[in-house]
Structures are given as C-alpha cells and as structure tokens.
Amino acid sequence: MCETIYLFWAESYIFLNESLNGFIQEHRKGSGIFMKNFPRIAAILIMAVMLLLTLGGCSSSDGKTHLTFQIWDVAQRDGMQAMCDAYTELHPDVEIEVQVTSWNEYWTKLEAAAESNTMPDIFWMHTNQILYYSDFGMLADVTDLYDDEDPGFYQEHYSEISLSNAMGSNGRLYGVPKDKDNVCLVYNREMFDAAGVAYPDETWTWDDLTAASQQIYDRIGKYGYMAYADDQLGYWNFVYQAGGYILNEDKTASGYTDEATVRAMKFYIGLQQEDWCPTQTYFAETSPGTAFFSQVGAMFLEGNWNLLSEMQNYPEMVGKWDVAVLPRCPDPASGDGRATISNGLCYSTAARGKNLEIVRDVLKFFGSEEAQRIQGLSGAAIPAYNDLEDTWLSAFDGFDYRINVEICLDQFEYCVQNVNNASRPKWKSGVSDELLKIYSGEVDVDTGLAYMQELVDRLSAPKE
C-alpha cells in the first residue's frame with residue numbers, strides 16, 4: 001500500500017509540473033487553459049495533500065517491511081527477483097517487489113520522485129546519471145557498507161572500472177556495483193557463407209571489416225557493417241582503438257580535435273558513404289539490431305547485455321548468427337589498436353529513504369558473492385564481482401547453437417571505461433546533434449568536431 005501511494009505521488013508530481021508549466025506559458029498568451037484544467041489540478045492537489053498526510057502512519061498489515069526495487073529492463077526481471085527471493089528467504093520479515101518500466105519513463109519518474117523525496121527503496125543507477133544524482137545529494141553514500149566486516153571488500157572483489165562506475169565526483173561510492181559489460185561485433189553466419197567470406201576473428205582489422213562488407217554487398221546484395229551514429233555502441237570504440245580519446249584523464253577537456261580522434265571519426269563517419277552501409281536517415285526509423293535480425297544487414301555492434309534476450313526473442317535466428325571481438329585499428333597512434341567500451345550499472349538507494357537501514361542491508365547482500373552468482377546464472381548480466389564471469393556464460397548452454405560469448409570475457413583485457421563526467425548531461429545532446437549535422441553534410445567533419453570540442457571543453461572546465 002505504501003509503495004502504491006508513493007508511486008501515485010510521483011506520477012501526480014509529474015502531471016502537476018507539466019500542467020503548471022503549461023499554465024504559465026498559456027497564461028502569457030492570454031489562454032484560458034488554467035481554468036479548463038483547474039478541476040483536474042485541484043483534484044490532484046487535494047489527493048496529494050491527503051496522501052502525504054497518511055504517509056506518516058503508513059504501515060503494512062502483515063507486519064513486514066515492503067520494499068520496491070525499480071529497474072528498466074524486463075529481460076532482467078527474473079534474475080533480479082531471484083536475488084530478492086534469496087534475501088527474503090533469509091529475512092522473512094522483508095518483501096521486495098521488482099518493478100519494471102521503460103528506459104525513458106524510468107528517468108522521468110525517478111527525477112520526479114527525487115524532488116518529492118519518494119524514490120523507490122532500491123533502484124538501478126546508470127553511469128550517465130550517477131554524477132547528477134550523487135552530486136546533488138540524492139543518493140546514499142555506501143562507501144563504508146562492508147567496513148565493519150571487510151574494510152577492503154570493494155577493492156578485493158571489484159575492478160577499478162566497476163568501482164569508478166559507482167562513484168560520485170568526490171570519489172565516494174553511491175551504489176554497489178551490479179554488472180560489467182563491453183561491446184562486441186555481431187555477424188550473420190549465413191550471409192558470410194553465402195558470400196563466401198570468412199567469419200570475423202581476432203585477426204580482423206578495420207580493413208577486413210570494410211572488405212568483408214563490400215564483398216557481402218556485391219555478392220548477395222545485403223548491407224555489410226551497419227555503422228550508426230551511436231557513441232557507446234559506435235564511434236567511441238573506434239576512437240580509442242586509434243589511440244584517440246573523448247575525455248582526458250581528469251575529465252576536464254575533450255579530445256575531439258586530437259589527431260587520432262579525428263582520424264577515427266573520419267573513418268567511422270565515412271563508412272556511411274559506402275553503398276553497403278545504411279544512412280543515418282535509415283537508422284532514424286530502423287535500429288541496426290532490428291535490421292540485423294530482419295536479415296537486412298550482416299554486422300553491427302552490440303552490447304553483451306542484449307545477447308541473451310536476442311537469442312530468446314529471435315528463435316528462428318538461432319544458429320544463423322554469432323559474435324566476435326571488435327576489429328582493431330591497423331595503425332593506431334598509440335596502443336595495439338584494441339579497445340571496447342565497458343560500462344556497468346550499480347544498485348543505489350535514496351539518501352533520505354524511509355527504510356534506509358534495511359535497504360543498506362539488502363544492498364550489502366546484492367554486492368555479495370552469493371547474490372552476484374545468482375545474477376550471473378540467470379543470464380541477466382555479467383556480474384561485476386570478480387571471478388564470477390563464467391556464471392553468465394552458462395545461461396547460453398540451453399540453445400541448439402551456442403554463440404561464442406567467451407569473447408566478451410576476453411575483451412575485458414582491453415576495456416575502456418564508459419565516457420562520462422559531471423557535465424555530460426549538458427553536452428551529450430549537443431554533441432549528438434552536431435554529429436548528425438556532419439552525417440547529413442550540413443557541416444564538414446573538421447568544423448563539426450571543432451564545435452564539439454569547444455562545447456565539451458566549455459561545459460567541462462573546472463569552475464573557478
């Protein structure tokens with residue numbers, strides 16, 4: 001009951017915020033929108049006040065503490081529920097409800113709930129958002145969660161990338177690492193066979209990628225590598241393979257005009273000029289994944305977190321496709337030409353949560369070897385906990401054809417942390433918009449990259 005009330009309040013907040021903003025704008029125009037919507041606004045306000053008055057005495061009739069756990073990926077619901085069930089079996093006085101919502105709705109609701117102090121008890125936190133929420137004091141600091149029993153727990157069991165993904169700008173932990181991932185090359189075995197082209201392997205370079213794409217297009221009329229204008233699942237990987245960078249080490253400046261970065265960007269953007277690569281106009285309506293599993297194209301970049309659900313959702317394609325390591329840059333400015341972007345989620349809770357002591361204990365369990373093993377065996381994601389990576393592999397054993405998911409573990413040797421800094425929410429859309437202008441020919445590559453450099457530098461520079 002309490003959770004329902006809190007959810008209603010969060011949704012009411014969203015409606016009120018949108019309605020009142022609309023009223024302000026329309027009032028300036030002389031519109032009567034406020035009077036038209038006044039009954040709805042008044043009703044919501046009255047109900048919100050009544051609900052807030054009842055929250056103080058809200059309790060469960062069964063004597064248990066009922067917690068909400070919000071996520072955005074339905075494919076991981078069962079794995080998350082299995083973890084919750086393992087906890088509640090040890091603590092029968094606690095119930096945990098896993099709630100799933102869409103990616104966009106998730107962040108809209110979470111921000112509204114944060115402002116009204118009605119956040120879910122437990123929720124996933126993404127690297128794109130953790131600095132925003134932690135820097136504004138909305139997330140509980142869990143740095144000392146294991147100190148009483150094992151002061152070095154985090155450092156012993158989690159990689160530096162996993163810990164960094166759960167940190168705020170101050171270096172403190174605002175979540176327990178959940179998983180880790182990287183980006184692989186997905187390819188259609190049938191198309192390669194029909195075109196008489198050898199499958200991708202660890203020897204492939206960018207040159208092999210383009211040559212195979214051309215041969216597939218010439219021989220069977222299908223797209224080759226589908227290079228869409230994404231960052232994590234697109235050009236970032238190529239930039240770091242070439243020895244370039246998107247943000248410098250202290251994350252205060254961009255590398256969009258770095259010589260190696262420019263070279264990689266020109267290569268990646270230039271792929272769209274090839275007949276075997278769809279344009280960004282095509283991708284605006286059809287994702288590379290959709291095109292691939294519709295057997296329109298032969299290759300695209302995918303995150304390992306989607307592989308199991310794709311095996312399940314496209315049973316007619318089982319045995320027709322597989323995965324390989326990313327092709328390397330043949331002549332990088334530095335390094336060996338290998339890189340793949342690695343990201344990872346964490347489990348977080350609100351700094352002012354109403355069940356904070358109990359929730360901290362749940363988070364402590366979620367970070368344990370037992371819980372991380374459950375997550376891995378469910379196939380939900382590769383556990384962030386070191387040495388449990390193989391548990392995730394076992395989830396692929398039940399299919400008639402087992403894709404080569406071991407390569408995902410191999411790539412952790414040369415992973416690059418997901419690009420992020422505290423100001424990324426401010427510059428991300430501007431960079432994406434400028435990139436599309438480059439693709440469309442509205443601006444040339446050098447001009448567009450110079451703009452992206454200036455934008456990121458200006459918004460990322462330390463404040464004096």
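Just so it is clear, the values below take in all heavy atoms, side chains as well, and ignore hydrogens, waters and symmetry mates.
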Hey, mind stepping through V176 and L145 against side-chain contact (heavy atoms from CB on, under 4.5 Å) and telling me if it holds?
CA-CA 9 Å; V176 172; L145 197 60; 3.7 Å; yes

We want to know whether N170 and Y174 form a side-chain donor-acceptor pair, criterion being a heavy-atom distance below 3.5 angstrom.
yes

Quick one about T252 and S460 (side-chain donor to acceptor, distance below 3.5 Å, no hydrogens or angles considered), yes or no?
no

Using modelled atom types and a 3.5 Å cut-off, is there a donor and acceptor pairing between side-chain atoms of Q280 and backbone atoms of Y439?
no

Measuring from Y154:OH to E156:CD, what's the distance to the nearest 0.5 Å?
13.5 Å

Could you go through D444 and K437, starting from their C-alpha distance and side-chain angles, then the distance that decides it, and tell me whether this counts as salt bridge (charged side-chain N to carboxylate O under 4.0 Å, His left out)?
CA-CA 8 Å; D444 64 79; K437 290 180 182 179; over 6 Å; no

For the aromatic rings, using the six-membered ring if either is Trp, is the centroid distance between W72 and Y106 under 6.0 Å?
yes

Look at the side chain of S423 and the backbone N and O of K426, then say whether any donor-acceptor pair between them is shorter than 3.5 Å.
no

Donor-acceptor pair, distance only, cut-off 3.5 Å: does the side chain of T349 make one with the backbone of A140?
no

Can you tell me how the ring of F396 sits relative to the ring of W392, calling it parallel under 30°, perpendicular over 60° and tilted otherwise?
perpendicular

Just by distance, no angles: are the side chains of N306 and E302 close enough, under 3.5 Å, to form a donor-acceptor pair?
yes

Run the numbers on L233 and F300 for side-chain contact (heavy atoms from CB on, under 4.5 Å), then give the verdict.
CA-CA 9 Å; L233 294 177; F300 77 111; over 6 Å; no

Heavy-atom donor-acceptor pair, R189 side chain to G319 backbone, under 3.5 Å:
yes

Main-chain N/O of S309 paired with N313 side-chain donor or acceptor, under 3.5 Å
yes

Would you call R338 and E413 a salt bridge, using N to O less than 4.0 angstrom?
no

Run the salt-bridge test on R402 and D397 with the 4.0 Å N-O cut-off and return the result as yes or no.
yes

Please work out which of the three classes, parallel, tilted or perpendicular, describes the rings of W204 and F192, given edges at 30° and 60°.
tilted

Validation row: V318, M311 side chains within 4.5 angstrom (heavy atoms):
yes

Whether D144 and R360 form a salt bridge (side-chain N of Lys/Arg under 4.0 Å from carboxylate O of Asp/Glu) is what I want to check.
yes

Can S378 and D78 be said to form a side-chain contact (heavy atoms from CB on, under 4.5 Å), step by step?
CA-CA 7 Å; S378 73; D78 291 346; over 6 Å; no

Give, for atom OH of Y256 and atom CD of E434, the distance between the pair rounded to the nearest 0.5 Å.
11.0 Å

Do any N or O atoms from the side chain of T261 and from the backbone of G255 form a donor-acceptor pair under 3.5 angstrom?
yes

Are there more than 12 heavy atoms of other residues, nucleotides or ligands under 6.0 Å from atom OH of Y199?
yes

Would you say that more than 12 heavy atoms from the other residues, nucleotides or ligands in this model lie under 6.0 Å from the CD of E249, or not?
no

Parallel, tilted or perpendicular, judged at 30° and 60°: which one describes the rings of W103 and W107?
perpendicular

Here the pair of heavy atoms bringing L301 nearest to G234 is CD1-O, 4.2 Å

Tell me, yes or no, whether the heavy-atom count around E259 atom CD, taken from other residues, nucleotides or ligands under 6.0 Å, exceeds 12.
no

Would D218 and Q214 count as having a side-chain donor-acceptor pair, cut-off 3.5 Å?
yes

Taking the six-membered ring for Trp and the single ring otherwise, decide whether the centroids of Y245 and Y240 are under 6.0 Å apart.
no

I'd like to know if the side chain of S134 reaches the main chain of I130, judged simply by a donor and an acceptor atom lying under 3.5 Å from each other, with no hydrogens or angles considered.
yes

Do the ring planes of F69 and F366 sit parallel (below 30°), tilted (30 to 60°) or perpendicular (above 60°)?
tilted

Apply side chain to side chain donor-acceptor pair (under 3.5 Å) to the pair Y132 and E111, showing each step before the final yes or no.
CA-CA 10 Å; Y132 169 75; E111 183 170 10; 3.2 Å; yes

Atom NZ in K178, atom CH2 in W124: separation rounded to 0.5 Å?
5.0 Å

More than 12 heavy atoms of other residues, nucleotides or ligands under 6.0 Å from CZ of R352: is that the case?
no

Is atom NZ of K251 surrounded by more than 12 heavy atoms (other residues, nucleotides or ligands) closer than 6.0 Å?
yes

Side-chain (T286) to main-chain (F283) donor-acceptor, under 3.5 angstrom
no

What distance separates S368 OG from R373 CZ, expressed to the nearest 0.5 Å?
10.5 Å

Distance, nearest 0.5 Å, that separates CD1 of I122 from OH of Y87:
8.5 Å

Check the angle between the aromatic planes of F267 and W206 and answer parallel, tilted or perpendicular using the 30° and 60° thresholds.
parallel

Just by distance, no angles: are the side chains of N418 and T127 close enough, under 3.5 Å, to form a donor-acceptor pair?
yes

Is it the case that the side chains of S102 and N104 hold a donor-acceptor pair, with the cut-off being a distance below 3.5 Å and no angle test?
no

Tell me whether E285 at atom CD has more than 12 heavy atoms from other residues, nucleotides or ligands lying less than 6.0 Å away.
no

For Y414 and D336, what are the C-alpha separation, side-chain angles and deciding distance, and is it a side chain to side chain donor-acceptor pair (under 3.5 Å)?
CA-CA 10 Å; Y414 45 84; D336 64 358; over 6 Å; no

Scan side-chain atoms only and decide if T257 and Q453 contain a donor-acceptor pair under the 3.5 Å cut-off.
yes

Is the ring pair F292/W321 parallel, tilted or perpendicular, if the boundaries are 30 and 60 degrees?
perpendicular

Run N182 and S342 through side chain to side chain donor-acceptor pair (under 3.5 Å) and show every step you take.
CA-CA 4 Å; N182 58 59; S342 179; 5.8 Å; no

Side chains of N165 and H126: any donor to acceptor distance under 3.5 Å?
no

Counting only N and O atoms by type, is there a donor-acceptor contact under 3.5 Å from the side chain of D208 to the main-chain atoms of P200?
no

Here the gap from K428 atom NZ to L455 atom CG, rounded to the nearest 0.5 Å, amounts to 13.0 Å

Residues E369, H157; criterion side-chain contact (heavy atoms from CB on, under 4.5 Å); working and verdict:
CA-CA 9 Å; E369 181 177 359; H157 297 297; over 6 Å; no

Heavy atoms, side chains only, cut-off 4.5 Å: are V186 and M299 in contact?
no

Assess the side chains of S159 and S162: does a donor N or O sit below 3.5 Å from an acceptor N or O?
yes

Just by distance, no angles: are the side chains of D322 and Y401 close enough, under 3.5 Å, to form a donor-acceptor pair?
yes

Is the closest basic N to carboxylate O distance between E149 and K364 below 4.0 Å?
yes

Hey, are S213 and T210 close enough side-chain-wise for a donor-acceptor pair under 3.5 Å?
no

How about V325 and C408: do any of their side-chain heavy atoms sit closer than 4.5 Å?
no

Backbone of Y385 reached by a side-chain donor or acceptor of Q372 within 3.5 Å
yes

Below 4.5 Å, heavy atoms only, C-beta onward: do D230 and Y235 meet side chain to side chain?
no

